[in-house]
Structures are given as C-alpha cells and as structure tokens.
Amino acid sequence: MTDAAATDPALARRNVTVLVIAHGFLGAQMPMIFVVGGLAGTGLASNPCWATLPISMIIIGSMLSATPISAIMQKYGRRTGFFIGTMGGALGGAVGAYGLYAASFPLFLLGSLLTGVYMSAQGFYRFAAADTASDAFRPKAISYVLAGGLASAIIGPQLVKVTADAMVVPFLGTYLAVIVLNIVGSVLFLFLNIPKPPLPSVDAPRGRTRLELLKTPRIAVAVICAMVSYALMNLVMTSTPLAVVGCGFDKASAADVVTAHVLAMYIPSFFTGHLIARFGVERILGAGIAILAGAGVVAIQGVDLENFYIALVLLGIGWNFGFIGATSMLASAHAPHERGRMQGLNDLLVFGGVTVASLASGGLMNCSGGGAEAGWMAVNIAMAPFLVLAGGALIWLVMRPKDDMA
C-alpha cells in the first residue's frame with residue numbers, strides 16, 4: 001500500500017540515500033559488537049555457557065523496543081524514532097565500556113540491552129525507505145537501504161582490528177568507538193524528510209486488529225519467513241567468532257570471517273529488489289531458504305577456515321533473499337494506517353525469535369559437550385526444523401487459490 005506522500009520520486013530517492021548512508025555508517029556498530037560481544041562475555045562471565053548472553057541482551061533490547069519505537073514513529077515521525085535509536089546506541093556503548101572497565105558482567109549486559117534500542121531503530125530503516133516510494137520502486141528502495149550494510153561490513157570489523165587491543169582493557173576501545181559512531185551519525189537524520197502519517201479522522205478506517213493482521217495468509221507467511229531467516233542467521237553468526245577462535249584460529253581470522261559474512265548479507269541487495277520485481281517475491285524467498293540450508297550443510301562438513309568462510313557467505317546471501325523478500329511481502333500486505341501496528345508487531349516477533357536463537361547459540365556452542373567443533377555442529381544442525389517450517393509455510397501460500405492470497 002502507498003502513502004499519499006509516495007508521489008515524488010526525487011523525495012523517495014533522497015530519503016533512500018540518507019538511509020543508505022545511515023545504515024553504512026551507524027550500522028557499523030552492529031558487526032563491531034557482534035564480533036567482540038561474545039569474546040568479551042567469555043572473559044567476564046563466570047560460566048562459559050553465558051558467553052553469548054551480551055548478544056542475546058541486544059536482541060532482547062531490540063525486541064522490547066520495537067513496538068514503542070514503531071508507535072513513536074507513527075505519532076511523531078521516523079526522524080524522532082531514529083534519534084532515539086542513536087541515543088540508545090551511544091548510551092549502550094557508554095555503559096558497556098564502563099562494564100568492561102569495572103569487569104562487571106551485569107553492567108556489560110545492561111549496556112548490551114540499551115544497544116538493542118539502536119538495533120530496533122535500525123530495523124525500521126527498511127520500512128522508512130518504503131514510506132515515500134512508489135509501488136514499483138518499493139522493493140528496490142528496501143533493497144538499496146539494506147545494501148548500505150555493505151559499508152558497515154567493511155567499517156565495523158576493521159574498526160574492531162584497530163580498537164580491540166588499543167587500550168589496556170580488551171575491547172574497551174571498541175565500545176568507545178561505538179559512542180562516537182552514534183553521536184556523529186545522528187546528524188544524518190536531519191536530512192531525512194518523511195512526512196508523518198496524518199492523524200486519523202473520527203470516521204477514518206481503524207484497520208485490522210493485530211490478530212486479524214496475523215491471520216492474513218501473506219502477512220503470516222512473511223512474518224514466519226522473516227523470523228526464520230533472521231533467527232537462523234543470528235544463531236550461526238553469534239557462534240561464529242567463538243567457533244573460529246575455539247578451533248584454533250586467531251581473533252583477526254574471526255573478524256575476517258564475519259566481514260565476509262556481512263558483505264554477503266548486503267552485496268546482493270544491489271540486485272535483490274530487481275530479482276523480486278522480475279521473478280516474484282515467493283521465488284526469491286524460496287531461494288533464500290534453500291541457500292540457508294546450504295550454509296548449514298557446508299558448515300557441518302568440517303572446521304577448516306574455508307568451511308567457515310563458505311558457510312558464512314551462504315548464510316549472508318540466504319538471509320538477504322529471505323529477509324528482503326519477507327519485508328517486501330509484508331510492506332505490500334497492509335494499509336498505511338496499519339503501518340505502526342503491523343511493523344511494530346512484525347519486529348517484536350522477529351526479534352523475539354532472534355532472542356531465542358541468540359540464547360540458544362551460546363548453550364549449543366559451549367555446553368553441547370565435546371568442545372568447539374561439536375558445539376559448532378550442534379548450532380548448524382539446529383537450523384533444520386526451522387527451515388522446514390519456513391519452506392512449508394511458503395509452499396502453503398503458493399498453493400493457495402490466487403483469489404485467496406490476501
């Protein structure tokens with residue numbers, strides 16, 4: 001569905017440009033924290049099973065923030081919500097840095113929770129890109145904004161290499177850099193121009209309830225595919241630095257593998273929107289699910305560095321097709337006046353699934369018995385039932401009569 005504001009192609013392209021730059025610059029903090037969060041947690045946690053809890057706290061923070069940030073954006077506009085996100089990111093970096101300095105795992109976890117506010121706001125970049133886009137430009141706008149993550153894939157891990165051991169306390173410099181990124185990057189949103197949704201009149205349509213929205217077949221399948229794509233990507237990526245280091249490679253190798261993964265997440269965004277426009281969103285979603293399965297197959301073949309690289313590259317591509325496809329399907333399945341309600345609910349459910357995945361990641365990786373290699377195998381085998389769920393849901397949608405696809 002298209003807002004009334006989606007009539008000016010120049011405005012749509014300007015907003016997409018701002019969001020691409022924001023995703024590239026501000027988004028660099030996410031690969032930074034995902035690379036060092038589990039490693040820092042290993043040093044602070046009394047039990048190695050909790051090593052990835054800092055990553056889980058970020059996801060929990062994102063999940064808890066999704067609905068209120070969406071409501072704020074619906075009432076006060078996207079810009080306000082994005083400013084709140086950068087404030088959360090800066091505060092999270094500051095508290096996390098102090099937690100490292102004080103060697104306090106609870107404080108470090110609190111900082112991670114606050115970082116989730118930024119992650120939640122970043123998740124709405126893709127929806128903001130669609131707000132002023134025409135129906136034809138919408139999949140491309142979403143795809144281009146996610147392509148901004150290509151820059152974050154380069155900037156983030158390279159900043160980790162420079163900052164991780166720059167101070168006496170390991171990783172403290174990384175968290176101080178996160179503060180700077182948020183403060184400087186927040187200026188970008190001054191150039192964003194997305195009109196606030198008009199206040200509904202007394203006789204305006206109220207839209208469907210959350211339950212009614214979730215009962216809509218296309219919305220239900222879009223949410224399921226988004227949840228599975230994002231959760232499985234997070235499940236594997238969270239464990240990757242621990243697995244790479246645990247299998248005898250150094251932190252620089254772990255950072256390079258994550259760089260390859262994040263590049264694979266975002267490089268396809270330059271053409272994913274075009275593929276959706278040409279072949280249809282259902283085919284691209286199906287390809288994403290199949291590629292995610294391929295990542296798991298490669299990972300369980302061995303723990304050579306090449307296996308990590310190939311598996312994580314496939315994981316990134318599969319996430320890209322799955323997540324952009326699900327976002328495009330969802331964005332076209334609800335009305336503008338349902339935007340705040342549905343998008344907040346979607347991200348609540350998506351990041352709820354990601355929370356479970358990130359919590360499970362540490363347990364599977366460190367507490368499966370048999371060391372890092374056995375843990376890594378357990379993480380990748382755990383993908384199977386969820387891929388079956390997403391694939392089955394997509395097949396069910398495609399097999400429905402065409403006049404019942406709403």
Side-chain angles (χ1 to χ4, degrees), residues 23-24 27 30-31 34-35 55 58-59 62 119 122-123 125-126 139 142-153 156-157 221-241 257-273 275-276 281-299 308-330 346-347 349-358 360-361 379-380 382-384 386-391 393-394:
H23 197 182
M30 299 318 302
F34 273 84
V35 168
I55 307 300
I58 296 173
I59 310 303
S62 182
M119 184 177 182
Q122 178 180 304
Y125 291 176
R126 69 195 197 278
I142 294 169
S143 189
Y144 293 152
V145 168
L146 288 180
L150 177 62
S152 71
V221 173
V223 171
I224 289 170
C225 289
M227 289 177 65
V228 169
S229 297
Y230 216 132
L232 294 186
M233 185 275 291
N234 185 269
L235 173 75
V236 178
M237 186 179 74
T238 300
S239 294
T240 296
V257 170
V258 172
T259 298
H261 166 67
V262 183
L263 288 172
M265 287 173 64
Y266 295 117
I267 286 177
S269 297
F270 290 106
F271 52 82
T272 305
L275 292 175
I276 290 172
V281 68
E282 293 85 2
R283 287 189 176 91
I284 300 306
L285 267 174
I289 293 167
I291 294 169
L292 286 170
V297 171
V298 171
F308 285 114
Y309 273 111
I310 296 171
L312 268 293
V313 166
L314 290 174
L315 186 76
I317 297 171
W319 173 85
N320 182 282
F321 283 15
F323 195 59
I324 292 179
T327 299
S328 299
M329 181 180 284
L330 182 67
N346 176 75
D347 279 15
L349 293 172
V350 167
F351 289 113
V354 175
T355 299
V356 174
S358 61
S361 184
V379 165
N380 285 278
M383 296 172 68
F386 302 99
L387 291 169
V388 171
L389 170 64
L394 185 59

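Heavy-atom basis, side chains included; hydrogens, waters and symmetry copies ignored. Just so it is clear, the model here is predicted, and its values are computed rather than measured.
When all heavy atoms of Ala295 and Leu314 are compared, the closest pair comes out as CB-CB, 3.8 Å. In terms of heavy atoms, Val257 sits closest to Phe308 at CG1-O, 4.1 Å. Residues Ala293 and Leu387 come closest through the heavy atom pair CA-CD1, 3.6 Å. Nearest heavy atom pair, residue Asn380 against residue Gly296, reads OD1-CA, 4.0 Å. Pro31 and Val262 get closest at one heavy-atom pair: CB-CG2, 4.3 Å.
Scored by the side-chain hydrogen bond (donor to acceptor under 3.5 Å, both in side chains) test, Thr272 finds Asn320 as partners (sequence neighbours excluded). Taking Thr327 as the reference, Arg126 meet the side-chain hydrogen bond (donor to acceptor under 3.5 Å, both in side chains) condition, with sequence neighbours excluded. Considering only residues two or more places apart in sequence or on other chains, Val313 meets the side-chain contact (heavy atoms from CB on, under 4.5 Å) condition with Ala260, Ala264, Ile317. The side-chain hydrogen bond (donor to acceptor under 3.5 Å, both in side chains) check on Tyr266 picks up nothing, with sequence neighbours excluded.
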Enumerate, atom names and distances included, each donor-acceptor pair closer than 3.5 Å involving a side-chain atom of residues 223-238, sequence neighbours excluded.
residue : atom : partner : partner atom : Å
Ser229  : OG   : Cys225  : O            : 2.8
Asn234  : OD1  : Thr238  : OG1          : 3.3
Thr238  : OG1  : Asn234  : O            : 2.7

Just distance, no hydrogens or angles: give the donor-acceptor pairs under 3.5 Å from side chains in residues 283-292, sequence neighbours left out.
residue : atom : partner : partner atom : Å
Arg283  : NH1  : Phe279  : O            : 2.9

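Side-chain atoms of Leu150 and Phe270, non-hydrogen and from C-beta on, do get closer than 4.5 Å to each other. At least one side-chain heavy atom of Leu315 sits less than 4.5 Å from a side-chain heavy atom of Met383. Residues Leu312 and Val258 fail the side-chain proximity criterion, which asks for heavy atoms closer than 4.5 Å.
The backbone N or O of Ile324 lies less than 3.5 Å from a partner atom in the side chain of Ser328, making a donor-acceptor pair. Checked by atom type and distance alone, the side chain of Ser152 never pairs as donor or acceptor with a backbone atom of Gly24 at under 3.5 Å.
The distance from the CZ atom of Phe34 to the OG1 atom of Thr240 is 11.0 Å, given to the nearest 0.5 Å. Here the NE2 atom belonging to His23 is positioned 7.5 Å from the OH atom belonging to Tyr125, to the nearest 0.5 angstrom. For the atom pair CG of Asp347 and OG of Ser62, the computed distance is 7.0 Å after rounding to the nearest 0.5 Å.
Sparse packing is recorded around CZ of Phe386, with 12 or fewer heavy atoms of other residues, nucleotides or ligands lying under 6.0 Å away.
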message: Apply side-chain contact (heavy atoms from CB on, under 4.5 Å) to residues Met119 and Ile59 and explain how you reach the verdict.
response: CA-CA 8 Å; Met119 184 177 182; Ile59 310 303; 3.6 Å; yes
